[in-house]
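Remarks on the structure that follows.
Predicted model only: the values in this text are computed from it and were never measured. Sequence positions, counted from 1, serve as the residue numbers for this chain.
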Amino acid sequence: VQLQASGGGLVQAGGSLRLSCVASGGIFSTYGLGWYRQTPGKQREYVASISSGGIVNYIDSVKGRFAISRDNIENTVYLQMNSLKPDDTAVYYCNTRPVWSDWGQGTEVTVSS
């Protein structure tokens, strides 16, 4: 499976962004998907996931602000990010959950204070 994230950018604190990730290969509707992020000098961290059945999970720091969703027709997973904070600044990646696919390029999100 190949996954390509997009939709990042520069936004002020309190603003919103919607990330998209298109998958190719495999049977999209059958696997879980996740969003992950990485800042320089730190390990990549898990942010949110959605199972093949639509069950969602989030890390505590984004609960109530981020929403993950999937479109099994468009083979796309989304991450709606609201009330963004400078601490959300990172390169965001999508991958399967659990991770079994190669990492794509990611999309950069910068939140200014």
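A donor-acceptor distance shorter than 3.5 angstrom exists from the side chain of Thr107 to the backbone of Gly8, with no hydrogens or angles considered. Using modelled atom types, no side-chain atom of Thr96 and backbone atom of Gly32 make a donor-acceptor pair closer than 3.5 Å. Ser51 places a side-chain N or O within donor-acceptor distance of the main-chain N or O of Gly54, the cut-off being under 3.5 Å. For Thr89 (side chain) and Val111 (main-chain N/O), a donor-acceptor pair under 3.5 Å exists by modelled atom type.
Side-chain contact check for Tyr93 versus Arg37: every heavy-atom pair is 4.5 Å or farther apart. Looking at Leu17 and Leu84, their side chains come closer than 4.5 Å, going by heavy atoms from C-beta outward. Annotation: side chain of Ser61 is not in contact with side chain of Asp87 (no heavy-atom distance under 4.5 Å). Side-chain atoms of Gln80 and Ser16, non-hydrogen and from C-beta on, do get closer than 4.5 Å to each other.
Remark: Arg70 CZ to Cys21 SG distance equals 10.5 Å, nearest 0.5 Å. The line from CZ of Arg18 to CE of Met81 is 11.5 Å long, rounded to the nearest 0.5 Å. Rounding to the nearest 0.5 Å places CD1 of Ile27 at 11.5 Å from OG of Ser52. Here the CG atom belonging to Leu33 is positioned 9.5 Å from the CG atom belonging to Asn75, to the nearest 0.5 angstrom. Atom CD of Gln4 is separated from atom SG of Cys94 by 7.5 Å, given to the nearest 0.5 angstrom.
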- Starting from the C-alpha separation in whole Å, work towards a yes-or-no answer on side chain to side chain contact (heavy atoms under 4.5 Å, CB included) for Val47 and Val62. CA-CA 8 Å; Val47 175; Val62 308; 4.1 Å; yes

- Could you go step by step and tell me if Arg97 and Asn95 meet the side chain to side chain donor-acceptor pair (under 3.5 Å) rule? CA-CA 6 Å; Arg97 180 75 175 173; Asn95 208 319; over 6 Å; no

- Message: Go through it in stages, so that I can follow the logic: the residues are Trp35 and Tyr46, the test is ring-ring contact (aromatic ring centres under 6.0 Å, His included), and I'd like the CA-CA distance, side-chain angles, deciding distance and then a yes or no.
- Response: CA-CA 6 Å; Trp35 284 96; Tyr46 159 79; over 10 Å; no

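Contact detail for Ala23 and Leu3: the closest heavy-atom pair is CB-CD2, 3.9 Å. In plain terms, the two heavy atoms of Gly25 and Val1 that are nearest each other are O-CG2, 3.5 Å.
Each of Asn57, Ile68, Leu79, Ile55 was compared with Ile50 under the side chain to side chain contact (heavy atoms under 4.5 Å, CB included) criterion, and only Ile68 meets it.
Applying the ring-ring contact (aromatic ring centres under 6.0 Å, His included) test to residues at least two apart or on different chains, none of the pairs has a partner in residues 53-92.
Within 6.0 Å of CD in Gln2 there are 12 or fewer heavy atoms belonging to other residues, nucleotides or ligands. Within a 6.0 Å radius of CD1 in Ile59, other residues, nucleotides and ligands contribute more than 12 heavy atoms. More than 12 heavy atoms of other residues, nucleotides or ligands lie within 6.0 Å of CD in Glu45, so this atom counts as buried by the packing criterion.
The hydrophobic cluster containing Val91 does not contain Leu10, counting ILVMFWY residues as joined when their side-chain heavy atoms lie under 4.5 angstrom apart, directly or transitively. Tracing side-chain contacts under 4.5 Å through hydrophobic residues (I, L, V, M, F, W, Y), one reaches Val77 starting from Val56; they form part of the same cluster.
A salt bridge links Lys63 with Asp60: the closest approach of a Lys/Arg side-chain nitrogen to an acidic carboxylate oxygen falls below 4.0 angstrom.
Qualifying ring-ring contact (aromatic ring centres under 6.0 Å, His included) partners for Tyr31, counting only residues two or more places apart in sequence or in other chains: Phe28, Trp100.
At a cut-off of 3.5 Å, with distance as the only test, no side-chain donor of Thr76 or Asp71 sits close to an acceptor on the other residue.
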